[in-house]
Every structure is written in structure tokens, then in C-alpha cells.
Amino acid sequence: MKLATWNVNSLKVRLPHLLQWLAENPVDVLCLQETKLTDDKFPVAEINAAGYQVAFSGQKTYNGVAILSKLPILDVVRNNPRFDDPQQRILAATIDGVRILCAYVPNGQAVDSDKYAYKLAWLAALAEWLADEMRSYPQLAILGDYNIAPDDRDVHDPAEWAGQLHCSDKERAALGELTALGLTDAFRMFEQPDKTFSWWDYRQLAFRRNRGLRIDHILLSQALAARCTACAIDRNPRKWEQPSDHAPVIATIG
DNA sequence: ATGGCAATAGAGTATTGA
């Protein structure tokens with residue numbers, strides 16, 4: 001079973017990339033973030049034609065999440081029941097006995113801004129809800145764009161980024177509250193090449209210079225981590241014409 | 001220090017992202 005996550009930065013623009021990527025990487029489950037589509041505009045037919053069922057929760061202009069799956073998608077929950085949030089950032093579902101959470105963590109805009117406070121509150125509420133979900137579903141994976149680089153290995157220039165948004169102590173501590181629940185960063189379970197990232201700025205040739213961050217993650221419960229045999233970031237679609245600024249992350253579950 | 005790039009809304013340019 002292969003689980004993947006990808007921030008597509010507008011599914012309207014990126015649908016061709018999504019379909020091409022799925023044709024080349026027929027994962028079992030794919031979580032999408034930043035679909036930026038209201039539900040009435042979601043491309044259900046195209047995704048069904050590619051062999052996937054899909055659940056989605058979107059809004060106009062911003063945010064929006066979706067879960068694609070080859071197997072039935074059960075017990076769908078939109079948003080965190082413990083956090084009243086008009087922004088569509090979370091979708092949960094059970095697929096093949098595994099609880100899948102698709103998460104688009106708030107960006108935070110700038111350290112100590114109102115949006116930064118929202119990001120931290122959002123993450124704290126997520127941790128509370130996750131504790132419940134993990135009790136109900138021992139086999140659990142939470143995949144998505146966390147907008148946090150867990151440590152300096154995940155940053156192209158740690159000195160330049162020290163204390164900055166995505167790398168601040170409070171953000172890393174908030175992510176730590178999730179892993180403290182017993183979740184493991186699938187990527188770090190395995191040997192990885194240095195300077196492997198999942199996001200590169202569109203500006204200043206950042207991708208070509210590999211000036212990136214690893215901010216897209218797959219966290220696995222203990223029971224699921226025990227079944228995980230590989231995790232990798234596919235930087236290939238970042239090279240395609242008019243790409244998303246994020247690359248997909250894939251975990252293989254035995 | 002600032003903007004740089006992309007997407008959206010909507011018809012100028014502002015907002016957001018990371």
C-alpha cells in the first residue's frame with residue numbers, strides 16, 4: 001500500500017500534472033492540499049476516470065483538501081471537531097482499515113503575526129483531536145503540508161532561516177506535540193540523501209539551486225510505522241512546466 | 001532593505017503563500 005501527499009497549489013491549474021503523476025505513480029492513497037476549488041467545481045469525473053474515488057472539502061480561492069483512493073473511502077470527517085474553523089484544511093477518512101488524515105497546516109505568514117498565532121492554535125487543537133483519533137484508530141497516518149521544517153537538515157541554509165517562519169522554536173515545538181503522541185516522521189525512518197526538500201520558492205531559481213525546505217510530511221502511528229518499508233520525495237514534477245512549488249511525498253506500507 | 005514568482009479575484013492592483 002502506497003500513501004502519498006502533494007500540495008498542488010490549485011487543482012484547477014494542476015489537474016494535468018495530477019493525472020500524469022498518478023499514471024506514473026499509481027499510489028493507493030493520495031492526499032491533496034491547496035485545491036483552491038469550491039466543491040461544485042471539483043474535477044470528480046476526471047479523477048474517477050483515472051481509477052480513483054475521491055473525497056474533498058474546498059472553498060473559494062484558498063485552502064481546500066482532498067483524498068484520492070483506489071479503495072473505498074469510509075467515515076469521512078471534514079475539519080477538526082475540536083476547532084471551529086471556516087478554513088477548509090482537514091479531511092479524515094478510513095481506507096482499507098487505515099485512518100488517513102489529510103492536513104493543510106496554516107502558513108503563519110510571519111512570526112508573531114495573528115496568522116502565526118492561528119497556526120499554533122490550530123496545531124494545538126489538532127494534537128488534541130489526534131489523541132482521540134489514535135485511540136480509535138491504531139493504524140493512522142496524517143499526511144500533508146505542515147509548513148514546518150522539523151530540523152536544520154530540512155533547510156537549505158539553516159543560518160539564513162534560523163528563527164524564521166517554518167523554522168521557529170514554537171512551530172517546531174508544536175510539531176513535536178504531534179510526534180509526542182507516538183507519531184513518526186516516515187521520511188526519517190530511512191537513510192536519505194542530504195538536502196532533500198519538498199518545497200522550493202518560485203523565485204530566484206530556487207529549485208535549480210536546490211534552495212528548499214522539507215515541510216511536507218507523512219506521520220505514522222506506531223502500528224503503521226512498523227509496516228513502513230520506504231519513504232521518498234519525488235522531485236520530478238517540480239521540473240515540469242508550470243509546476244506546483246511543492247513535490248509529492250510517498251510512503252510504502254507493507 | 002526590498003522584491004523577486006505564482007494563483008486568485010476581477011479588471012487596478014491587492015492578498016496570500018512559504
Side-chain angles (χ1 to χ4, degrees), chain A residues 5-18 21 31-43 56-66 85-90 102-123 126 143-175 187 195-217 233 235 237-249:
Chain A
T5 180
W6 193 8
N7 179 325
V8 291
N9 186 17
S10 169
L11 185 53
K12 180 184 173 185
V13 173
R14 228 67 66 192
L15 182 61
H17 282 199
L18 172 68
W21 191 79
C31 295
L32 301 180
Q33 300 86 37
E34 285 208 85
T35 55
K36 299 187 180 181
L37 292 172
T38 51
D39 291 350
D40 59 303
K41 295 197 168 64
F42 198 92
F56 45 89
S57 178
Q59 66 182 87
K60 196 172 179 179
T61 312
Y62 302 116
N63 310 313
V65 284
D85 190 356
Q87 304 188 27
Q88 302 305 306
R89 296 180 173 277
I90 290 189
C102 174
Y104 176 44
V105 177
N107 168 292
Q109 198 165 61
V111 172
D112 293 333
S113 65
D114 288 351
K115 287 177 180 162
Y116 183 79
Y118 164 68
K119 179 179 194 172
L120 296 177
W122 193 97
L123 283 163
L126 175 61
L143 310 88
D145 175 1
Y146 289 73
N147 273 314
I148 299 171
D151 66 54
D152 284 350
R153 291 175 294 174
D154 305 311
V155 182
H156 68 87
D157 185 339
E160 180 183 328
W161 281 86
Q164 300 296 309
L165 192 71
H166 309 108
C167 301
S168 70
D169 290 344
K170 286 178 182 172
E171 291 168 274
R172 285 175 169 174
L175 181 59
F187 186 81
K195 306 283 183 191
T196 301
F197 307 121
S198 68
W199 170 86
W200 302 260
D201 201 301
Y202 284 120
R203 295 166 289 191
Q204 298 183 309
L205 305 174
F207 180 65
R208 254 186 270 177
R209 299 158 71 195
N210 198 31
R211 291 172 57 85
L213 304 174
R214 191 176 71 90
I215 55 178
D216 299 87
H217 310 300
I233 296 173
R235 49 186 282 130
R238 189 62 176 77
K239 303 171 187 167
W240 297 348
E241 193 174 341
Q242 200 180 3
S244 169
D245 43 357
H246 294 254
V249 187

Original post:
Checking side-chain contact (heavy atoms from CB on, under 4.5 Å) against A/Q87, which of A/Y118, A/Y62, A/Y104 comes through?
Top reply: A/Y118
Original post:
On a whole-Å scale, what distance lies between the P atoms belonging to B/dG10 and B/dT15?
Top reply: 14 Å
Original post:
For A/N147, which contact category applies under a 4.0 Å heavy-atom criterion: base, sugar-phosphate, or nothing?
Top reply: sugar-phosphate
**OP:** Could you measure between the two P atoms, the one in B/dG4 and the one in B/dA14, and give it in whole Å?
**Re:** 13 Å
**OP:** For A/Q88 and A/S57, indicate whether the former's side chain and the latter's backbone hold a donor-acceptor pair under 3.5 Å.
**Re:** no
**OP:** State the CZ-CG distance between A/R14 and A/N7, to the nearest 0.5 angstrom.
**Re:** 9.0 Å
Subject >> Ring geometry between A/W6 and A/W21 (parallel below 30°, tilted from 30 to 60°, perpendicular above 60°) >> reply: tilted
**OP:** Mind running a 4.0 Å heavy-atom check of residues 196-210 of chain A against DNA chain B and sending the residues that fall below it, in number order?
**Re:** A/W199, A/Y202, A/R203, A/Q204
**OP:** Inspect the contact between A/K60 and A/D40 and indicate whether a charged nitrogen and a carboxylate oxygen are less than 4.0 angstrom apart.
**Re:** no
Original post:
NA contact type, A/N7, heavy-atom cut-off 4.0 Å: base, sugar-phosphate, or nothing?
Top reply: sugar-phosphate
Original post:
Which value, in whole Å, describes the distance between the P atoms of nucleotides B/dG3 and B/dG12?
Top reply: 23 Å
**OP:** Tell me, please, the opening and closing nucleotides of DNA chain B, 5' to 3', among those with an atom under 4.0 angstrom from a non-hydrogen atom of chain A.
**Re:** B/dG3 to B/dA18
